[in-house]
Protein chains: 2
Amino acid sequence: MARRRQAVTIRHVAADAGVSLQTVSRVINKEPNVRPEMMERVQASIARLGYVPSIAAQRMAGSRSYLIVALNDRERTIAGWRNRQGTDWVDQMLLGGMLTCAEHGYRLLVELVDTHSDHIERELLGAIAAIQPDGVILTPPHSENPLITRLLEAQGISFARIGSLKPGAGFAVAIDDEGAARLATEHLVALGHRRIGLIAGPDDYELSGRRVTGWRAVLAEAGLPTEGLLAQGDFGFETGRAAALALLDGPAPPSAIIASSDQMALATLELARERGLDVPGALSVVSFDDTPIVRFVHPPLTAIVQPIAEVTARAVALVIAERAGGAPLAAPVIVPATLAVRASTGRPVGA
Amino acid sequence: MARRRQAVTIRHVAADAGVSLQTVSRVINKEPNVRPEMMERVQASIARLGYVPSIAAQRMAGSRSYLIVALNDRERTIAGWRNRQGTDWVDQMLLGGMLTCAEHGYRLLVELVDTHSDHIERELLGAIAAIQPDGVILTPPHSENPLITRLLEAQGISFARIGSLKPGAGFAVAIDDEGAARLATEHLVALGHRRIGLIAGPDDYELSGRRVTGWRAVLAEAGLPTEGLLAQGDFGFETGRAAALALLDGPAPPSAIIASSDQMALATLELARERGLDVPGALSVVSFDDTPIVRFVHPPLTAIVQPIAEVTARAVALVIAERAGGAPLAAPVIVPATLAVRASTGRPVGA
DNA sequence: CTGAAAGCGCTAACAC
DNA sequence: GTGTTAGCGCTTTCAG
């Protein structure tokens, strides 16, 4: 194992270009006060020598680390990977996050921390001290954890809260959950459904409430009932099944169900199959996650397409822009979702 | 944006414990020549102050960066994320890689570079200069790219080649593809199949050949033919379909097909459905990837379960161990695959 | 076994 | 506009 030192440093470039270290530094950092010709000369040397600044040294000298940390919930994330249920949340995050980072010369580092831990502050502080990121992207449920947001604020680290719309420190960037719920509900109303059930997500996610709001609003506008049509799960299969059961076993069961996650939609589908309910003839089903698997079940599920990659991209861009001195915008960024109509929704029988 | 400096440095710890910087450093790095009591005293101070070393500073001073880079093919990886075909390769890599890194105080940084690029060397050199990783994990097809392996070797960076068994620099860690192919073939032979087709992967992947070898060996041992039973695809749906077509349109079509990827298996399944071939009655299908989606199609596919998380974990562990002075083991590490039997395989009609 | 000195590659502040 | 000086936090020599 050879002792690895930087092969070509700022010093080599300076010597090669016949300028001072500082000038090279200014060129690297696109700072003003460098004559164009000087800049070109330096850039030529950089290119010729294949010089790349060491992020460690840059960080050391009190500048940027060019590292953005994506903070995910350890337990949930690992469970998702192990269970292999087809959720590609992390992949979509990487897609949006890594590419946007790359555009600006940054890199994304995924970090897992436990939300429900009394030593979460120590854990986070440790990660920050070790990595010294220029920004942090918070994903649910971290985005709404005051312990985390307060700590980040106190540390003066710019961060974005994905999936949160609450005011406060950090950029709020979220999918338009209310609009998405409206979209799904309107689709079903247009098909002629009059009893449209919703399996909501757990209360510890802000977005659960927003979806209920959207669903409720459309039904109210259409003069349709909500009574006995709202159930709740925790996004998982089991609770989804229980919720679907409650809905279908009610006095006046729905002819369509919107589930707040793919697993809950799958559970609903399974239940329908068991009961001999034709989908979509006797029951239409809409999923709220367009994960890969919902396209491969029978029938393929109509689903809300969550623009996770775009949301993450926006979050990263905001964090980087703030570091670069951009205006610390106040309003939350809301990214619209779309609806992918597939075979699991149709006109209700007799409509 | 507060000027962020390290809140608590090695200096604070040294002062608190009443020792020199050097002694603290020795404790941090678990170096010898520190009296137990001294060590305890220092560790107490570290805990009390919540000290965490800055990786930037550690790297600067010529030590480890505690960063491992996972090098993936840019084009393929991004395409996989965008297409959302349910492949969870990256997730499984992160699962094995991140957790193993974490166990040793390292972090995993995913980096995308183009394999088929003439400036790949510049790209890689740049990433190395910027990140200065302690190790690199090469994934296919990078693992077999001599431009990359030579460069890494020249740089003295320890690395692992996932999916490669070739001798040479870097740890070779691979799934037992030959054994996996044997497993799948034996399963079909045991069910009574006598004409078992294989849709191989592309030649630019070493493992494609190993799978053919395993398949061929089992058939030879069982005295079964291979003639007209071997087709080839590029792991994608389209070429998989063409390959399945070639196999099924031959003079004596197979009663079972092993596809070297989930997409090619899905293509085979679709073709069978179009032709009214009952699966598994008229045609058994085995997939080589146990990605989430193959459990959600009908019928659920029997599939080789690739232990990608474990392979990555082993690769990371080897790289870290080498840095720590472990013996640079020569033999490739081969991790066995298993077979998940589902409803897409059964006895052939009339058997 | 422990400490003191030197310097890693870079940027901040200040001079010129 | 450009160069000079002084560190950032840590690990490496090398003395004791």
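Only this structure's heavy atoms are used, side chains among them; waters, hydrogens and symmetry mates stay out. Remember, it's a predicted structure, so these values are computed and weren't measured experimentally. Order of the sequence lines sets the chain letters (A, B, ...), proteins ahead of strands, with each chain counted from 1.
Atom-to-atom, CE of Met60(B) to C1' of dC8(C) comes out at 4 Å; the value is rounded to the nearest Å. The interatomic distance linking Gln6(B) (CD) with dT11(C) (P) rounds to 18 Å, in whole Å. Atom pair Gln132(A):CD and dC8(D):C1' shows a separation of 10 Å (rounding to whole Å applied). Rounded to an integer number of Å, the gap from Arg64(A) CZ to dG9(C) C1' is 15 Å. Between the CZ atom of Arg11(B) and the P atom of dG7(D) there is a distance of 11 Å, given to the nearest Å.
Applying the ring-ring contact (aromatic ring centres under 6.0 Å, His included) test to pairs two or more places apart or on separate chains, none has a residue in residues 36-61 of chain A. Among residue pairs with one or both ends in residues 144-153 of chain A, none qualify as side-chain hydrogen bond (donor to acceptor under 3.5 Å, both in side chains); sequence neighbours excluded.
Judged as a side chain to side chain contact (heavy atoms under 4.5 Å, CB included), and not counting sequence neighbours, the contacts of Val52(B) are Ala129(A), Ala130(A). Annotation: side chain to side chain contact (heavy atoms under 4.5 Å, CB included) contacts of Gln43(B) (sequence neighbours excluded): Val27(B), Met39(B). Residues passing the salt bridge (charged side-chain N to carboxylate O under 4.0 Å, His left out) test with Glu123(B), sequence neighbours excluded: Arg74(B). Scanning for side chain to side chain donor-acceptor pair (under 3.5 Å) contacts around Arg41(B) gives an empty result, with sequence neighbours left out. Ile320(A) pairs by the side chain to side chain contact (heavy atoms under 4.5 Å, CB included) definition with Ile68(A), His104(A), Tyr106(A), Val316(A), not counting sequence neighbours. With sequence neighbours excluded, the residues that form a side chain to side chain contact (heavy atoms under 4.5 Å, CB included) with Ser45(A) are Val13(A), Asp16(A), Ala17(A), Arg48(A). Every residue was checked against the salt bridge (charged side-chain N to carboxylate O under 4.0 Å, His left out) condition with Asp91(B), not counting sequence neighbours, and none meets it.
In DNA chain C, the stems built from three or more successive Watson-Crick or G-U pairs (distances below 3.5 Å) are C:1-11 with D:6-16, C:13-16 with D:1-4.
Taking every heavy atom of residues 20-34 of chain B and every atom of DNA chain C, pairs under 4.0 Å involve Ser20(B), Gln22(B), Thr23(B), Arg26(B), Asn33(B), Val34(B), by number. Of the residues in residues 41-54 of chain B, those lying under 4.0 Å from DNA chain D by heavy-atom distance are Tyr51(B), Pro53(B), Ser54(B).
The side chain of Gln58(B) contributes an N or O atom lying less than 4.0 Å from OP1 or OP2 of dT11(D). For Arg59(A) and dC10(C), the shortest distance from a side-chain N or O to OP1 or OP2 is not below 4.0 Å.
Of the candidates dT2(D), dC8(C), dT11(C), the closest approach to any side-chain atom of Ile10(A) belongs to dT11(C).
Here the side chain of Thr115(B) pairs no donor or acceptor atom with the backbone of Pro141(B) at under 3.5 angstrom.
Within 6.0 Å of atom CZ in Arg314(A), 12 or fewer heavy atoms from other residues, nucleotides or ligands are found, so the atom counts as exposed in its surroundings.
Along DNA chain D, the nucleotide closest to Thr9(B) and the one closest to Met38(A) are compared, and the more 5′ of them pairs with Met38(A).
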